[in-house]
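Atom set for the values below is all heavy atoms of this structure, side chains included, hydrogens, waters and symmetry mates excluded. Residue indices begin at 1 and follow the sequence shown.
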Amino acid sequence: DFEFSPRDDGDSAKAKQREAITRYICDTADLEIKNSGNERRLGIKGSAVWKVCWNAEAEASGGKKGEVEVQNPRPE
């Protein structure tokens with residue numbers, strides 16, 4: 001688990017926003033499951049890769065367009 005700390009005095013609200021956004025991305029991208037696959041690859045092949053991108057066509061919460069996608073492709 002993780003927690004974001006404020007960067008400056010009076011930055012606690014922004015830290016909570018960063019933490020909420022990061023948790024949302026981790027949940028929607030199933031990072032807990034993908035991370036176990038990457039940990040196995042790291043142990044076997046000595047390398048693991050994350051691919052983070054913006055999918056403008058994805059349907060986000062609230063009916064808005066756009067979503068951050070996180071994938072764990074196999075390293076070549």
Side-chain angles (χ1 to χ4, degrees):
D1 206 25
F2 55 85
E3 181 179 304
F4 283 69
S5 299
R7 294 179 181 168
D8 297 317
D9 291 338
D11 192 34
S12 60
K14 287 183 182 179
K16 289 188 186 295
Q17 282 180 320
R18 288 190 297 272
E19 184 176 326
I21 290 167
T22 303
R23 287 184 188 281
Y24 172 80
I25 292 169
C26 289
D27 289 343
T28 59
D30 294 324
L31 282 190
E32 194 170 322
I33 293 168
K34 291 177 181 175
N35 192 47
S36 65
N38 261 8
E39 287 178 349
R40 279 193 300 277
R41 281 190 198 117
L42 183 61
I44 294 169
K45 297 188 178 252
S47 180
V49 178
W50 289 107
K51 178 181 176 183
V52 181
C53 62
W54 177 255
N55 182 348
E57 299 301 316
E59 190 75 28
S61 62
K64 297 182 180 180
K65 288 285 191 176
E67 192 69 78
V68 173
E69 290 188 358
V70 181
Q71 301 168 3
N72 58 342
R74 294 181 179 182
E76 297 296 325

Practice task
Starting at CZ of Phe4, measure out to CG of Asp11 and round the result to the nearest 0.5 Å.
Solution key: 11.5 Å

Only distances under 3.5 Å count here; give the side-chain donor-acceptor pairs of residues 27-38 to other protein atoms, sequence neighbours excluded, each with its distance to 0.1 Å.
unit_1, atom_1, unit_2, atom_2, d
Thr28, OG1, Tyr24, O, 3.0
Thr28, OG1, Ile25, O, 3.4
Lys34, NZ, Ala29, O, 3.1
Lys34, NZ, Val70, O, 2.5
Asn35, ND2, Glu39, OE2, 3.2
Ser36, OG, Ile33, O, 2.7
Asn38, OD1, Arg41, NH1, 3.1
Asn38, ND2, Val49, O, 3.2

Exercise for the section: Give me the other members of the hydrophobic cluster that Ile44 sits in, counting Ile, Leu, Val, Met, Phe, Trp and Tyr linked by side-chain heavy atoms under 4.5 Å, directly or via other members. Expected result: none

Problem - From CZ (Arg74) to OG (Ser47), nearest 0.5 Å - result: 13.5 Å

Handout entry: Over all atoms of both residues, closest heavy-atom pair of Glu69 and Ala58
Key = OE2-CB, 4.5 Å

Completion exercise
Rounding to 0.5 Å, atoms CD (Glu3) and CZ (Arg18) come to a distance of 12.0 Å

Exercise for the section: List the atom of Lys65, the atom of Ala56, and the distance in Å for their closest heavy-atom pair. Expected result: CB-O, 3.7 Å

Problem - Single-linkage hydrophobic cluster, 4.5 Å side-chain cutoff, Trp50 and Val68 together - result: yes

